[in-house]
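I have placed the structure first, in the form of structure tokens, so that the comments after it can refer back to it.
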Amino acid sequence: MTSTTDTADYDPSKYTDIVQSWHSEPNQYLSRYFTLFFHIETNDSAPEGTLFSDIYVRQSPNKICVLGMAPSHAFLKQENLADSKIEFKTDIIGKKVKANTIIAEVRKNGLIYAIRAQMQGQLLELNPRLVENPELLWEHTMDIGFIAVIMSATDNTQQQLHGFLTEDEYRQKIKESE
């Protein structure tokens, strides 16, 4: 009897070029399997009395979305983030969320940054790593510092992420605002 590990039915060397950049830039792996979108709050879209709360969403092919703070988020522009605290709304895990549902709050120097779902769906998870290691939120915001995982309410990406920007549109918008 031959073990399946003795012979491969493909040549792994064909994939070396694809994975080579993954060692130096871990987000390249995510880019291969997830589509990246951004939601930027403006004076018109931010609820009254709140700070701008830009987020990103990495959407997998099965429409599960990983949500986190975009690099342009007001919180990430502050200095000395070490004394920041994150508070999750754990009572809504497993429940349906809407675009304006607050899923977490980040607190720094008396300011509260509300993190909203910005989409409809079911909240599957709040990142448990952030409870013990809140620095992941600003040190690894685009990968292991994500905030939540949400199952989309619809398979239609254009409907689900209406108002979100593609990665290129986001970069252009940020460039214009500088």
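Everything quoted here is computed from the prediction, not taken from an experiment.
- For N100, the side chain to side chain donor-acceptor pair (under 3.5 Å) criterion is met by no residue, not counting sequence neighbours.
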ask   = Between D168 and T166, does a side-chain hydrogen bond (donor to acceptor under 3.5 Å, both in side chains) hold up when you go through it step by step?
value = CA-CA 5 Å; D168 290 337; T166 66; 5.4 Å; no
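- Side-chain contact between K108 and L81 is present, with at least one heavy-atom pair separated by less than 4.5 Å.
- Looking only at side-chain heavy atoms (C-beta outward), I86 and V106 come within less than 4.5 Å of each other.
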Practice item. Verify side-chain contact (heavy atoms from CB on, under 4.5 Å) between H73 and I115, making sure each step is shown before the conclusion. Key: CA-CA 10 Å; H73 194 286; I115 309 298; 3.6 Å; yes
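- With sequence neighbours excluded, no residue forms a side chain to side chain donor-acceptor pair (under 3.5 Å) with E139.
- In this structure E125 satisfies the side chain to side chain contact (heavy atoms under 4.5 Å, CB included) test together with P128, F146, V149, sequence neighbours excluded.
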inquiry  = I'd like to know whether L130 forms a side-chain contact (heavy atoms from CB on, under 4.5 Å) with F88, so could you lay out the CA-CA distance, the side-chain angles of the two residues, the decisive distance to 0.1 Å, and finally the verdict.
reply    = CA-CA 9 Å; L130 296 178; F88 289 125; 3.9 Å; yes
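- Rounding to the nearest 0.5 angstrom, the gap separating the OH atom in Y113 from the OG atom in S84 is 8.0 Å.
- Panel note: side chain R58, backbone D143; no donor-acceptor pair is recorded below 3.5 Å.
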Note to self: Pair L123, K95 - check side-chain contact (heavy atoms from CB on, under 4.5 Å), show working.
What the structure shows: CA-CA 6 Å; L123 180 62; K95 297 186 178 161; over 6 Å; no
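- Under the 4.5 Å side-chain criterion, counting only non-hydrogen atoms from C-beta, F75 is not in contact with L111.
- Considering only residues two or more places apart in sequence or on other chains, N80 meets the side chain to side chain contact (heavy atoms under 4.5 Å, CB included) condition with A82.
- You'll find the side chain of R129 reaches within 4.5 Å of the side chain of I144, heavy atoms only.
- Summarising the geometry of R116 relative to S53, their closest heavy-atom pair is NH1-CB, 4.4 Å, with the distance given to 0.1 Å.
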Report task. Take L67 and I103, measure what side-chain contact (heavy atoms from CB on, under 4.5 Å) needs, and give me the verdict at the end. Result -> CA-CA 10 Å; L67 180 144; I103 58 175; 3.8 Å; yes
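- Of all heavy-atom pairs between L126 and A148, the closest is CD2-CB, 3.8 Å.
- Clustering ILVMFWY residues whenever any of their side-chain heavy atoms sit less than 4.5 angstrom apart, transitively, puts L124 in a cluster other than the one holding I102.
- Looking at L76 and L137, their side chains never come closer than 4.5 Å, going by heavy atoms from C-beta outward.
- Between I64 and F34 there is no side-chain heavy-atom pair separated by less than 4.5 Å.
- Between H39 and M119, the closest side-chain pair of non-hydrogen atoms is not below 4.5 Å.
- Residues forming a salt bridge (Lys or Arg N to Asp or Glu O under 4.0 Å) with E105 (at least two apart in sequence, or on another chain): K89, R107.
- Of all the heavy atoms in D54 and S72, the pair that sits closest is OD2-OG, 2.7 Å.
- In this structure, the side chain of T141 does not engage the main chain of W138 through any donor-acceptor pair within 3.5 Å.
- If you take OH on Y56 and CZ on F37, they are separated by 14.5 Å, rounding to the nearest 0.5 Å.
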Can you list, pair by pair, the side-chain donor-acceptor contacts under 3.5 Å of residues 151-162, counting residues two or more places apart and other chains?
residue	atom	partner	partner atom	Å
S152	OG	T154	N	3.2
S152	OG	T154	O	2.6
S152	OG	Q160	OE1	3.3
T154	OG1	N156	N	3.2
N156	OD1	Q158	N	3.0
N156	OD1	Q159	N	3.0
T157	OG1	Q59	OE1	3.0
T157	OG1	K63	NZ	3.0
Q160	NE2	Q120	O	2.5

